Protein chains: 2
Amino acid sequence: MNLKELAERLKLSQTTVSRALNGYPEVSAKTRRRVEEMARALGYAPNQQARRLATGRSMSIGHVLPRSLHEMLNPVFMEFIAGAGETYAQRGYDMVIAIVDDGQEESAYQEIVARKKADGVMLHGPRVAETRHTLLKSLDLPFLVHGRIPGAEDATDWIDMNNRRAFERAAHLLLDLGHRRIAFLNGLEDMDFVARRKAGYMTALNDRGVELDPALMRNSAMTEPFGALSAREMLTAARPPTAFLVSSMITAIGVSRAISECGLRIGQDVSVITHDDALSFLPNSGEVPIFTCTRSSVRTAGIRAAEMLIKRLIDQPVEPISELLEADLILGQSTGPAG
Amino acid sequence: MNLKELAERLKLSQTTVSRALNGYPEVSAKTRRRVEEMARALGYAPNQQARRLATGRSMSIGHVLPRSLHEMLNPVFMEFIAGAGETYAQRGYDMVIAIVDDGQEESAYQEIVARKKADGVMLHGPRVAETRHTLLKSLDLPFLVHGRIPGAEDATDWIDMNNRRAFERAAHLLLDLGHRRIAFLNGLEDMDFVARRKAGYMTALNDRGVELDPALMRNSAMTEPFGALSAREMLTAARPPTAFLVSSMITAIGVSRAISECGLRIGQDVSVITHDDALSFLPNSGEVPIFTCTRSSVRTAGIRAAEMLIKRLIDQPVEPISELLEADLILGQSTGPAG
DNA sequence: GTCGAAATCCAAAGCGGTTTGAAAGCCGTC
DNA sequence: GACGGCTTTCAAACCGCTTTGGATTTCGAC
């Protein structure tokens, strides 16, 4: 069932039928209704390929993931995607995901443009030294950054969580509880969000005149063993920390494992605050959550991000658009006053 | 830069250029070389929309995820996708992912067919009472199941891990170590793989004449708290288990948390075996892995699945194709002889 | 009754490829 | 030198939709 057949059945031209279905004004309400009914009755749906070719728009949004990035952000990424995907579907966009070898990103983007695979792309996991945005600008491919690109905050569309403020507040909470030796397990140093979280932590400690101890600050991919190993080493060292600030819940789980294994009790002997991305398979939201945490739903971020990118594609606003989400600071069972 | 321009530059017809680039035999080697060079020089890449319209193939593969399924399988799903995505990219296919509300699946598939959005789809998370495959058959949309559909093993393409054997072996290992009270924390009961794992567990226990204790068997979404809560309750009950068989590493982490909190030592006082999907953010592969586990890389499964589905699309084999992957049983630190 | 604007509708030209059916070029053969 | 059989190339149709520019109809105003 295609437009032509449908038009013949209706004894109308393809033009009129097309216009009726696409909501153009130059068709009478009566005709429009007739067309719509017939289309429904015959189960007509316009062929997407044909429409794309004719309009020049692909009605899809691309996500290019270098493999290394994907591996680090896997669960978080998926949740973001899920949120964005919802919105895409509602708005009639498709989501195409390309997972490419590191270093193949550039050609992936070029191909998206050359072959008109997507109308816009989502840029994931911006680094401290980011370059992808300049490529995208030169390719004239619309994009939105999930996170922020240092130095390009005013020149790109982005949505981000206020990492700095969240971690500053979390650190302040620990300081308020009397903790002075606060370990900080953070993600890989070249990621922008990692730098911002570190800045928040440092600001808080500086505010209170607490000296930074490099021995208490570590960076790594945010795995469970990273948390367990680090915590174990730190807790058995000369001057152990009394609290941990942890960038990811998975790592925090590792930390709490180490704490138990050291014969200590979490929340009493040692405090832990983590960041909770509100991942569905890692719920931390009982009556009293296990972990005290900064929480910001990455899924919600995905939803907003998709809306913003689509807005960019359709309305083409002159000014860059951006949104900064604040994280909640949520009290759980993993924090208590310093011994 | 499109075909027409390229052909003009070469002083050839579009036909010849198209054929040269697509490897048709009726074009001389010399001409072909000339065309290829010019195409490369001018950075020509055929417009995908146009090609799709002309060929009727979309050169993309769909993944339709009902929201509930996505939430349960999130991390595993993402890893599978990553594997499949690699293969798609290599073979020139795009991956389009649709995340839809529960109950919208049917219309999502219909739309894929009506609008020619994808040439085939991957079917995720088959249930014990599965029906999607009959819909897909009637829509004549090629698909491959990740997992197996009970009763349709011989009528559908699928790739699966040998869940039953894996869990049977794991249970046997625990039995060999002298454990008799073996708790089993499994996924949601309506999933096919959950049923198979249960069958494996039950077979092993029956083999040794160990009676099943319903109090030791639980089903739930495989979250961390599910593991922690269940283990805590069981360990503090009248006749506590001495070992846990756990369907997911995330849940196993919860179990180990509960074990510690009960003042017990994992691997000594209580044994744990889990299934390890080899997720990148949950490494369990040090010199001696933390968890004794059955391991099967879901990413590898994704790679193979994509290859198989593409084979289906291209070669259209008459017989259904399938592949059963065996899991490794890997000894870690979490198992030891029953006290 | 005529005129002009507004409201409807239509034929045809793209969009950028693939593919069919036919023509042209080339070669050796009789 | 005409002919048959390959190889190589081409013009044109086609995929199914959107959209331009124009034609036709409607209708109130004069």
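Naming convention: chains lettered A, B, ... in sequence-line order (proteins, then strands); numbering from 1 in each chain. Predicted model, so just to flag it, every value in this text is computed and none were measured.
Within the 4.0 Å cut-off from OP1 or OP2 of dC9(C), at least one side-chain nitrogen or oxygen of Thr31(A) is found. Taking only side-chain nitrogens and oxygens, Tyr44(B) never comes nearer than 4.0 Å to OP1 or OP2 of dG16(C). For Asn22(B), a side-chain nitrogen or oxygen approaches OP1 or OP2 of dT18(C) to under 4.0 Å. Phosphate proximity of dT18(D) to Ser18(A): present, with a side-chain N or O under 4.0 Å from OP1 or OP2. Between Thr16(A) and the phosphate of dC9(C), there is no side-chain N or O to OP1/OP2 separation shorter than 4.0 Å. Note on Tyr24(A): every side-chain N or O is 4.0 Å or more away from OP1 and OP2 of dT18(D).
The CG atom of Asp119(B) lies 8.0 Å from the OG1 atom of Thr55(B); values are rounded to the nearest 0.5 Å. Annotation: the span from Leu309(B) atom CG to Leu123(B) atom CG amounts to 11.0 Å, rounded to 0.5 Å.
The CZ-C1' distance, from Arg115(A) to dT18(C), rounds to 14 Å in whole Å. Atoms CD (Gln14(B)) and P (dT19(C)) sit 14 Å apart, rounded to a whole Å. The nearest whole Å value for the distance from the CG atom in Asn2(A) to the P atom in dT18(D) is 12 Å. Across the protein-nucleic acid pair, Glu5(B) atom CD and dG16(C) atom P stand 9 Å apart, rounded to whole Å. One atom, NZ of Lys4(B), and another, C1' of dA11(D), lie 13 Å apart when rounded to the nearest Å. Atoms CG (Leu53(B)) and P (dT18(D)) sit 12 Å apart, rounded to a whole Å. The CZ atom of Arg57(A) sits 20 Å away from the P atom of dG14(C) (whole-angstrom rounding).
Under 4.0 Å is where a charged nitrogen must lie from a carboxylate oxygen, and between Asp101(A) and Arg67(A) at least one such pair does. A salt bridge is absent between Lys117(B) and Asp94(B): the closest approach of a Lys/Arg side-chain nitrogen to an acidic carboxylate oxygen does not fall below 4.0 angstrom. Arg132(B) and Glu130(B) are joined by a salt bridge, as a carboxylate oxygen and a charged side-chain nitrogen come within less than 4.0 angstrom of each other.
When the side-chain hydrogen bond (donor to acceptor under 3.5 Å, both in side chains) test is applied to Asn47(B), no partner is found at least two apart in sequence or on another chain. A search for side-chain contact (heavy atoms from CB on, under 4.5 Å) contacts involving Ser28(B) returns Lys30(B), Thr31(B), not counting sequence neighbours.
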Under a 4.0 Å heavy-atom criterion, the protein footprint on nucleotides 21-26 of chain D, written with B, S and -, is B-----
Can you give the donor-acceptor pairs under 3.5 Å from side chains of residues 317-324 of chain B to other protein atoms, not counting sequence neighbours?
{"from": "Glu323(B)", "atom 1": "OE1", "to": "Arg304(B)", "atom 2": "NE", "distance (Å)": "3.1"}
{"from": "Glu323(B)", "atom 1": "OE1", "to": "Arg304(B)", "atom 2": "NH2", "distance (Å)": "2.5"}
{"from": "Glu323(B)", "atom 1": "OE2", "to": "Arg304(B)", "atom 2": "NE", "distance (Å)": "3.0"}

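Within 4.0 Å of Lys11(B), counting heavy atoms only, lie sugar-phosphate atoms of the nucleic acid but no base atom. Across all strands, Gln49(B) comes closer than 4.0 Å to no nucleic acid atom at all (heavy-atom distances). Contacts of Gln48(A) with the nucleic acid, taken as non-hydrogen atoms under 4.0 Å apart, are absent.
Screening Arg299(A), Met95(A), Met122(A) for a side chain to side chain contact (heavy atoms under 4.5 Å, CB included) with Ile81(A), the sole residue that qualifies is Met95(A).
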Identify the pairs formed between an N or O of the protein and an N or O of nucleotides 5-7 of chain C at a distance under 3.5 Å, and give each distance.
none

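Listed by first and then second residue, the side chain to side chain donor-acceptor pair (under 3.5 Å) pairs involving residues 140-150 of chain B are Arg148(B)-Asp160(B) (not counting sequence neighbours).
Side-chain proximity of Asn47(A) to the nucleotides dT9(D), dT18(C), dC17(D) is greatest for dC17(D). The side chain of Arg51(B) lies closest to dG17(C), out of dT18(D), dG17(C), dC10(C).
When the nearest nucleotides of DNA chain D are assigned to Glu26(B) and Ala50(B) by heavy-atom distance, the more 5′-ward of the two goes with Glu26(B).
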